[in-house]
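Chain naming here is simple, since letters A, B, ... match the order of the sequence lines and numbering starts at 1 in each.
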Amino acid sequence: MVDDLLRLESVDLDRGARRLLTGVSFQVRPGDCWQMLGSNGSGKTSLMRTIAGLTRLGLQGQRICTDNLLYQGHLPGLKTGLSCRENLRWHASGGVVSNVEKIDAALAHVGLQGYEDRVICQLSAGQQRRVGLARLWLSQAQLWLLDEPFTAIDVRGTALLEAQMQRHCAAGGAVVFTSHQPTGMSEIKILDLNQYAA
Amino acid sequence: MVDDLLRLESVDLDRGARRLLTGVSFQVRPGDCWQMLGSNGSGKTSLMRTIAGLTRLGLQGQRICTDNLLYQGHLPGLKTGLSCRENLRWHASGGVVSNVEKIDAALAHVGLQGYEDRVICQLSAGQQRRVGLARLWLSQAQLWLLDEPFTAIDVRGTALLEAQMQRHCAAGGAVVFTSHQPTGMSEIKILDLNQYAA
Amino acid sequence: MYFETWSAVWHMEGHGPYVWGAYSLTALVIVLLVLSPWVRARELTQDIRNEQRRAAAASALGADHASET
Amino acid sequence: MWSIVHKMGSPPWFFRFANGAIAWLLPIVLITLVVGCVWGLLIAPPDYRQGNSYRIIFIHVPAAVVALAGYYVMATAGLMSLVWKIKMADTAMRALAPVGAALTFVALVTGSIWGKPTWGAWWVWDARITSMLILLFLYLGVMALSEAFDNKVAAAKACAVLSLVGTVNIPIIYKSVDWWYSLHQPASIKFTGESAIDASMLYPLLLMIVAFYGLFALSVLLRMRTELLVTHRQSAWLRSELS
Amino acid sequence: MLPELGTFLRFQLQRHLQLALRRPSDVVGPLLFFLMVITLFPIGLGPDPKVLAVLSPGILWVVALLSSLVVSGRLFQADFEDGTLEQMVLSPHPLALSAMVEVFCHWLLSGVLLALVSPVFAALLNMPSRAIPVLMVSLLIGTLCLSLIGAVGAALTVALRRGGVLLSLLSIPLTVPVLIFGAAAVREAALGYDPSSWLALLGALAAGGCVLAPLAIAAGLRISLEA
Amino acid sequence: MLPELGTFLRFQLQRHLQLALRRPSDVVGPLLFFLMVITLFPIGLGPDPKVLAVLSPGILWVVALLSSLVVSGRLFQADFEDGTLEQMVLSPHPLALSAMVEVFCHWLLSGVLLALVSPVFAALLNMPSRAIPVLMVSLLIGTLCLSLIGAVGAALTVALRRGGVLLSLLSIPLTVPVLIFGAAAVREAALGYDPSSWLALLGALAAGGCVLAPLAIAAGLRISLEA
Ligand code: HEM
Ligand SMILES: Nc1ncnc2c1ncn2[C@@H]1O[C@H](COP(=O)(O)OP(=O)(O)OP(=O)(O)O)[C@@H](O)[C@H]1O
Ligand SMILES: Nc1ncnc2c1ncn2[C@@H]1O[C@H](COP(=O)(O)OP(=O)(O)OP(=O)(O)O)[C@@H](O)[C@H]1O
Ligand SMILES: [Mg+2]
Ligand SMILES: [Mg+2]
């Protein structure tokens with residue numbers, strides 16, 4: 001039997017005195033691609049950060065999660081004063097990759113060839129997001145947690161990212177992402193948080 | 001003849017030594033709703049900020065633009081330490097509205113009833129964007145310039161915003177907005193910046 | 001008692017204002033320290049009891065009556 | 001031992017305990033305070049050098065002693081809340097800081113009132129005095145930090161970390177202030193350091209120290225009880241406790 | 001022309017004060033900070049009351065300068081980063097005015113507060129009591145000058161990642177006269193002389209600053225946004 | 001277990017130095033500030049060289065403390081705001097270590113630099129030249145302690161909206177021993193005595209801090225992220 005990468009069993013989530021979600025259960029197995037749906041403020045980000053272990057919001061119930069994960073949230077995690085390459089080099093050093101060729105290749109994958117030495121603050125909004133998402137081509141993590149990865153990304157970029165996410169799942173990884181737009185990916189599992197609203 | 005709210009005539013746009021756009025021409029009349037398209041980095045934000053007069057990038061050609069405009073860009077323009085109501089009160093004081101009822105009504109329009117006194121940093125990403133966009137219900141400006149207004153907004157919120165934009169156009173205003181997603185609005189005019197790429 | 005008269009107690013050979021000033025200030029702080037949580041706790045208990053009484057009255061009088069109040 | 005600690009960590013048990021303890025402590029504290037003050041102010045003989053102004057000692061020294069001890073109590077509560085995650089320790093920490101700060105303030109103010117007739121100045125930069133001022137800053141720091149967080153759990157954890165860091169530093173701060181300007185600079189003012197204090201003064205002083213410890217415990221318990229009333233307002237045990 | 005200018009300025013002021021004064025500790029905080037910094041000087045310099053008395057004008061002025069400059073250097077940073085500055089530029093009200101409201105709030109919360117409590121600090125440092133009114137007045141006027149100078153520097157540097165050095169090099173010398181005049185006024189008063197000429201010089205600096213700084217600040221902010 | 005820890009730390013260090021050196025104003029600014037404040041003292045006290053010489057250890061140390069605190073207060077601010085902190089927490093490497101690299105860089109760019117240029121300031125204040133090596137060593141060790149203390153405060157306050165003043169309230173009391181030992185060492189040396197016991201005390205503080213501070217910093221950062 002394949003081990004679950006992530007399992008929530010009837011989890012309740014609180015923010016201070018307010019209960020956001022009740023009885024959320026889902027399991028992520030290798031190869032799964034989950035899209036979290038839910039209206040604004042339904043608790044997608046809160047749940048994802050709790051899964052990643054970033055916040056310890058009032059969580060009742062069982063949570064099992066692999067340590068080998070990549071989280072990309074609303075914040076870019078980029079230093080605006082450093083170049084694309086310098087930023088990714090630091091991110092990649094958290095994993096294993098650190099040679100410049102791989103980093104430049106990842107930047108090329110997200111359509112930023114020629115921008116390697118440009119500092120982040122001189123890029124457009126979408127280009128900045130792309131630098132952050134170039135980590136998907138560098139990471140060795142098995143579970144990807146992506147909070148609204150398609151923000152500010154154009155149509156071609158969205159297709160690129162979707163392809164990479166599917167490639168990752170096919171290779172035995174798993175993805176949990178949020179997005180308000182329907183995607184063009186096949187075999188997607190939907191977790192609608194509006195169902196679990198407290 | 002109705003005056004144009006905005007007219008660009010074969011405008012070229014430079015960023016430093018690099019030419020971004022050549023020969024852009026379009027005119028915005030009262031009642032028009034323009035969607036700017038273009039891949040990431042094609043110059044949508046640069047053009048919009050130049051139209052608004054925020055940046056004076058190398059611009060050749062003729063630009064005529066009304067002063068009575070509202071600009072909402074990638075940055076929210078909100079103080080995270082103040083409440084929704086306090087933030088909007090300041091924004092509204094730039095125009096005319098400043099009584100609390102109208103502000104609370106605007107917040108209710110964007111689905112934030114009950115959140116009036118919550119400080120911005122305790123809202124979800126989409127709720128924060130909604131606070132900024134509540135200005136659409138408060139503004140007296142004739143021309144709205146909206147840079148990716150639907151970012152982080154859920155499906156229902158997008159529909160709300162689209163309806164408000166159409167109402168504004170019907171009332172003799174005009175909207176220029178950017179978005180990578182196709183919208184559900186009727187009678188929309190498309191300006192594809194990829195055509196004008198230098 | 002060391003002092004002969006009450007005025008001597010008050011005067012303390014010229015040190016009276018200092019000694020009594022220090023003691024009264026301390027007394028003030030002590031009273032505040034004890035009284036402020038005490039009063040707050042009483043208010044809170046009163047509040048909770050009232051709420052309970054209201055709830056009890058409502059359930060005793062029946063649901064339709066309670067909905068009017 | 002562990003069972004006691006865990007029992008104390010449970011809010012309902014603690015609420016009942018606090019109620020009982022407050023009922024006992026209040027009369028004891030009142031009586032010892034009144035007796036101690038009357039003894040110190042009216043019965044004890046004056047000091048042969050300082051005259052009657054020395055009577056401030058009966059509030060100054062107890063306040064200073066308890067204020068100092070209070071910081072260690074607070075740090076212990078911090079340790080309990082961080083390591084053993086005992087809920088009541090969080091509450092205790094938030095209650096301890098203002099009480100400690102108030103007592104430190106009393107020690108400072110009575111000391112500087114005492115200083116005026118004795119040294120002719122309200123304030124001098126003496127080692128003891130300076131270190132007491134720093135203690136006040138430490139207490140105020142904990143209070144300000146706990147107030148600044150919206151999230152009460154995070155506030156308690158942050159205060160616990162701060163008070164633990166402070167404990168490591170307190171002996172260092174005290175030692176360093178004692179050495180401050182002590183080597184080649186003649187310290188202009190020294191405390192009357194002799195501990196050979198007469199019994200007629202020692203007994204009321206000891207009584208007042210006991211009274212201040214009692215006062216400290218009393219006001220901390222009062223604050224914790226109030227805090228419980230706020231945070232557990234909706235819970236069933238509190239409602240049954242009150243009815 | 002702009003009937004709502006008054007409303008706008010009132011809201012602008014209110015907004016800044018609200019932002020700064022969310023909690024009561026926000027008012028007490030800066031005062032405690034001053035007290036702590038003042039405490040550091042006897043600890044560093046030794047507790048001799050006579051030495052402290054001589055040094056006190058200099059010490060108090062250094063602390064005033066430090067707290068004013070440190071804060072005013074980032075005066076427009078938050079506005080720039082969260083997009084408020086864009087909206088200020090686009091608003092129908094003059095940028096110079098709304099920026100000045102910001103400077104004014106900063107002065108209220110740093111300079112005026114410090115001036116008001118400075119007698120306590122003066123007493124801790126054994127400053128002769130005849131110098132205390134002069135200390136308060138000099139701090140009141142002087143910190144306004146410091147806030148204005150700091151704001152000009154902040155406006156010019158808010159968008160810069162390089163070249164900030166040049167600008168701090170420019171704005172720091174501008175503060176030196178303020179310090180010279182302010183400390184001199186207090187020292188003269190402490191020695192029993194007439195400090196009014198020094199105070200007059202400070203006042204002239206402040207008046208000139210209030211006229212010229214808004215223009216420089218508005219120009220600086222526009223340049224920063226366009227960069 | 002983590003063979004790439006070395007690489008990670010190297011990149012972390014490199015990244016911070018690059019970031020700081022991109023904005024030279026961040027490096028030169030505090031030094032300039034220091035210089036300005038130092039020059040203020042002769043202005044405030046009158047230029048009597050003998051008085052200045054006696055007071056110089058205290059002045060230099062107090063000003064060093066203040067400038068170190070001012071800078072270290074924003075140590076983790078940028079990381080918190082741009083999401084780098086999240087990534088640091090999630091990275092397989094211990095948070096305490098990666099945060100310490102940051103503190104270390106801060107010390108390199110503020111404390112070490114200050115210690116290196118301190119002879120200039122000492123000369124400005126007529127400090128006896130025999131005290132200058134001791135001044136440099138004491139600043140070198142002492143500023144490390146100050147950076148560690150400041151970092152603990154910064155970690156605890158990074159998520160708070162008005163962290164600036166609060167940070168000083170938390171950290172200034174903790175820095176008192178550093179100030180006492182540092183100033184005493186220099187003063188002893190200036191008077192011709194042996195300062196080594198004071199320097200040893202400073203060294204002990206720094207060693208203790210290097211062991212304990214990382215734990216407090218990591219705990220503080222986690223708490224801040226969860227708030
Ligand atoms: C603001 C001024 C003062 C402060 C902050 C202060 C603080 C303290 C502290 C912290 C203690 C130590 C308590 C302990 O042993 O744990 C103490 C004890 C004492 N103080 Fe003060 N003090 C001040 C002024 C004075 C003055 C003016 C006098 C009398 C001339 C005085 C006389 C004493 C005596 C006799 C003791 C107890 C003896 C001892 O334990 O050494 N104090 N004070
Ligand atoms: N501050 C800057 N300095 C220099 N070049 C910049 C700066 N900002 C953007 N650019 C460049 O200008 C080009 C246009 O950027 P702009 O932000 O206008 O794009 P955009 O169409 O809004 O893209 P997006 O869809 O990603 O928001 C990009 O190639 C970008 O790299
Ligand atoms: N720091 C905070 N403190 C208190 N409440 C918060 C905080 N952040 C978010 N919330 C509240 O928690 C709820 C869930 O927020 P969350 O960010 O998880 O929503 P979301 O599903 O990610 O929404 P969005 O689609 O807008 O990103 C919201 O109602 C929000 O108001
Ligand atoms: Mg979200
Ligand atoms: Mg854009």
Rounded to the nearest 0.5 Å, what separates atom [atom1] in [X] from atom [atom2] in [Y]?
X	Y	atom1	atom2	result
D:Leu133	E:Leu124	CG	CG	8.0 Å
E:Met36	D:Leu136	CE	CG	8.0 Å
D:Phe137	E:Thr39	CZ	OG1	4.0 Å

Atom group of D:Ala148 that falls short of 4.5 Å from chain E, counting heavy atoms: backbone
Determine whether more than 12 heavy atoms belonging to other residues, nucleotides or ligands lie under 6.0 Å from atom CZ of D:Phe105. no
Can you confirm whether more than 12 heavy atoms, excluding those of E:Tyr193, are under 6.0 Å from its OH atom?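 Counting other residues, nucleotides and ligands, OH of E:Tyr193 stays at 12 neighbours or fewer.
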Between E:Pro47 and D:Trp125, what is the shortest heavy-atom contact and its length?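 Taking every non-hydrogen atom into account, CB-O, 3.1 Å.
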Please identify each residue that fulfils ring pair (Phe, Tyr, Trp, His ring centres under 6.0 Å) with E:Phe104, with sequence neighbours left out. E:Trp107
